[in-house]
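Atoms within a ligand are numbered from 1 in the order they appear, just like the ligands themselves.
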Amino acid sequence: MKILLVEDDALLGDGVRAGLKQAGFAVDWAQDGLAAKAALDSEDYALLVLDLGLPKLSGMDLLKWLRAKRATLPVLILTARDTVADRVAGLNAGADDYLVKPFDLDELIARLNALLRRSAGQVELTLQHGTLALTPATHQVSVAGNPVSLSAREFSIVHALLLHTGRVHTREQLEQTLYGWGEEVESNSIEVHIHHIRKKLGSDLIRTLRGVGYVIDKVN
Ligand code: CA
């Protein structure tokens, strides 16, 4: 799952990026409104974490521009201004949730996972697929009740495919969910991760469509 983090405070941005990466997200970090706009124009994100007070283009203006262009990207706004008016304005401009600074990193991650579930039409905390169960908030995976240990990237791949069963994901789309800016994409890494996932979760969970991509079929 790739997140665009927009925050001009270097210390806070660095801390949030590190925390989100540790939670298994790929993170691009933009430090002003115009850089964020350029990123949103060229990359595909699962979530946007948006500070409101930004140089060059305010978070509120960016949000209005985004909602005029693409309605579905879930947005969580960060605001230092703890006034009801700011929060209401942000939600009215199309934000899905908000946090007031200073906030707890665990709460941010929990809210982002909730937004991901909602945007995928999932209401359950645990994604079920046959005997497979995956809980994003705790990064737990089990098969028939037996815990299975996946790496952060393996987990992200299974999570992305499970959120949209029946939908084919290309290798490039899966790479986008795994790597942030400046991270080198290892060639064949998706194939290698899929290989490991199959060893751990069974060979028939993820189907390969040669030359197209990967899919987890819907359970009948
Ligand atoms: Ca700011």
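Using a 4.5 Å cut-off on side-chain heavy atoms (C-beta onward), D32 and L57 make no contact. Counting heavy atoms from C-beta outward, R207 and D217 have side chains that approach closer than 4.5 Å. With a 4.5 Å cut-off on side-chain heavy atoms, I157 and L161 count as touching.
With 3.5 Å as the limit, one finds a donor-acceptor pair spanning the side chains of T135 and T126.
Protein atoms of type N, O or S found under 3.0 Å from the Ca ion (ligand 1) total 3.
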Atom pairs and distances, donor-acceptor, side-chain atoms in residues 14-26, under 3.5 Å, two or more places apart:
| from | atom 1 | to | atom 2 | distance (Å) |
| --- | --- | --- | --- | --- |
| D14 | OD1 | R17 | NH2 | 3.4 |

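Here H139 and F155 bring their ring centres to under 6.0 angstrom of each other.
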